[in-house]
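Below: one structure, written as structure tokens.
Just so it is clear, the structure is predicted and the values come from calculations on it, not from any experiment. Note on naming: letters A, B, ... go to the chains in the order of the sequence lines (proteins, then strands), and numbering restarts at 1 for each one.
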There are 2 protein chains.
Amino acid sequence: MTRPELADRRVLVVEDDPTVLEVASTYLRAAGYLVDIASDGFAALEAAANRRPDLIVLDRMLPGIDGVEVCRRIRARSAVPIILLTALSATDDRIDGLEAGADDYLTKPFSPRELVLRVQSILRRSVTDLTPEAAVVLGAFELDPSARTVRRDGRELALSVREFDLLAFLLKHPRQAFSREQLLRAVWHWEFGDLSTVTVTVRRVREKIENDPTEPAILVTVWGVGYRLDL
Amino acid sequence: MTRPELADRRVLVVEDDPTVLEVASTYLRAAGYLVDIASDGFAALEAAANRRPDLIVLDRMLPGIDGVEVCRRIRARSAVPIILLTALSATDDRIDGLEAGADDYLTKPFSPRELVLRVQSILRRSVTDLTPEAAVVLGAFELDPSARTVRRDGRELALSVREFDLLAFLLKHPRQAFSREQLLRAVWHWEFGDLSTVTVTVRRVREKIENDPTEPAILVTVWGVGYRLDL
DNA sequence: GGCCTCCGTCCGCATTTCGTAAGGTTCCGG
DNA sequence: CCGGAACCTTACGAAATGCGGACGGAGGCC
């Protein structure tokens, strides 16, 4: 269930309630992350400095230093993504947290699964800039994820951001049929939304990779299901 | 009409009230899930360990061990999604449950339809899991479930959704006779319905896989029983 | 500000799908 | 060999599905 590209990423969880700490770290480990833990503000600052986590999950209410203050101090030294946990959904808290430099927000009680999703969604973004991803060569296509280019027969294709993301995903999972919903989740990172968004982007990609876009031979329609990349 | 891609997922329902148990499992089966049941905490823990369900629906009030405790213990060993059923909508209960590691919450009395929706919504995420399903090679036939293709002698067959689902099911269970009712349940996920629906779809599949559709040699009629795939 | 690209949304149209029904054919017991 | 049940075949049309075109807001660039 773990996505290989996200493996070996380090997450620091800062939380004083042992139960919440336990649940959160279990889920994150299950999702393939290396999890460090801290129970108060001082330990959090120390761990943030020494363990160099790729992301921090931080409780707002902490013994010792307040969570928002911890967030501010970490931010002063590093750009590591921070998810703040708060007991209330009060607007003031949210504003405080965002001003202190938090990247995302989660209101307690939260679903551990949702936490994992947020973590994944944030790390997914930063993972690309850090570790250069392996290139994929498939038939006439050549994908270089770190350069964000796709070449066909050696010539580079002029793709927009969305078009690239979609084609890159399909090149990484060739000969597999995906529903529009799956693509919306995997490529757009949306949990819901208009499925025609996918349809249109597929069409635009076809316009650029198919010899005859009227008769797609590469990015094929699977009727009643979705799309598939045939090579 | 349910989506075939969700089929073959295992759900464990833990509930001491026979009526609720009956209703819930019936609805979930109708939605295409394989349903296991347990009536108390001990049975639940055992089933969770042995049957390896993809999701657990867990009553909060149980004879023997409390539901929340069961939840906690399962969670200690596995990250399987858990939906907790509770008699009250008290906020305290909700927090207890979420801290114990439940993924979602449903207040009794609940609509069975809503239960199915929650289950689907949670499992949908793990369905996005990109591990391709194993291919089946049987005689001249080659089934690739993740690409949603069937090839015969290397040539890909042009099958519609229903036709593919039916043939895929039969290829996964060859040399076994199925009644129309069984096929309607397994392939269509219908609990009732016109049996001629099956007849016609069988005929359409025959048109595409038989050398002489007039004399079926592969998708054979078992008189008075149903159909069977011979190879 | 003005121009351009990107991208999500919407609408009308063509195609495909698939359940249903109706009439014909095959099978089997007696 | 007869009658009825089981099964086959064909056809129809509503509904679902996908596609192209177009529109317009958002955001970047000059």
Is A/T197 close enough to C/dT9 that one of its side-chain N or O atoms is under 4.0 Å from OP1 or OP2 there? yes
Euclidean distance, atom CD of residue A/E210 to atom C1' of D/dC19 [Å, nearest integer]: 14 Å
Between C/dC7 atom C1' and A/L183 atom CG, what is the distance in whole Å? 17 Å
One should read off an interatomic distance between B/T201 OG1 and B/W188 CH2, to the nearest 0.5 angstrom, of 4.0 Å
Tell me, yes or no, whether the heavy-atom count around B/R152 atom CZ, taken from other residues, nucleotides or ligands under 6.0 Å, exceeds 12. yes
Between A/R204 and A/T199, who's closer to the 5' end of DNA chain D by nearest nucleotide? A/T199
A/L167 atom CG is separated from C/dC7 atom P, nearest whole Å, by 14 Å
Atom-pair distance (CG on A/L195; C1' on D/dC19), nearest Å: 15 Å
Nucleotide of C/dC7, C/dT9, D/dC8 approaching B/R206 most closely (side-chain heavy atoms): D/dC8
Distance in angstrom units between B/F164 CZ and C/dT17 C1', rounded: 16 Å
Kindly say if A/W223 contacts the phosphate of C/dT15, meaning a side-chain N or O under 4.0 Å from OP1 or OP2. no
Quickly work out the B/L159 CG to C/dT17 C1' distance and round it to whole Å. 13 Å
Base, sugar-phosphate, or nothing for A/V200, non-hydrogen atoms under 4.0 angstrom? base
Nearest whole angstrom, please: distance from the C1' of C/dG19 to the NE2 of B/H189. 17 Å
Whether B/T221 contacts D/dC8 is assessed here as follows: a side-chain N or O lying under 4.0 Å from the phosphate OP1 or OP2. Is that the case? yes
Which nucleotide in the set D/dA22, C/dC18, C/dG19 lies at the smallest distance from any side-chain heavy atom of A/R203? D/dA22
Regarding B/G224, tell me which of base, sugar-phosphate or nothing describes its non-hydrogen contacts under 4.0 Å with the strands shown. sugar-phosphate
Audit row: A/Y27, A/V35, side-chain contact (heavy atoms from CB on, under 4.5 Å) steps and yes/no: CA-CA 10 Å; A/Y27 263 77; A/V35 180; over 6 Å; no
Take the protein atom CZ of B/R180 and the nucleotide atom P of C/dT20, then report the distance between them rounded to whole Å. 15 Å
Students often get this wrong, so: under 4.0 angstrom with heavy atoms, is A/R162 touching a base, only sugar-phosphate, or nothing? sugar-phosphate
Side chains of A/L184 and A/R180: does their closest heavy-atom pair fall under 4.5 Å? no
Sequence-distant partners of B/R203, salt bridge (charged side-chain N to carboxylate O under 4.0 Å, His left out), two or more places apart: B/E207
Classify A/Y227 by what it touches in the nucleic acid, base, sugar-phosphate, or nothing, heavy-atom distance under 4.0 Å. sugar-phosphate
Among C/dT9, C/dG19, C/dT17, which nucleotide sits nearest the side chain of A/D194? C/dT9
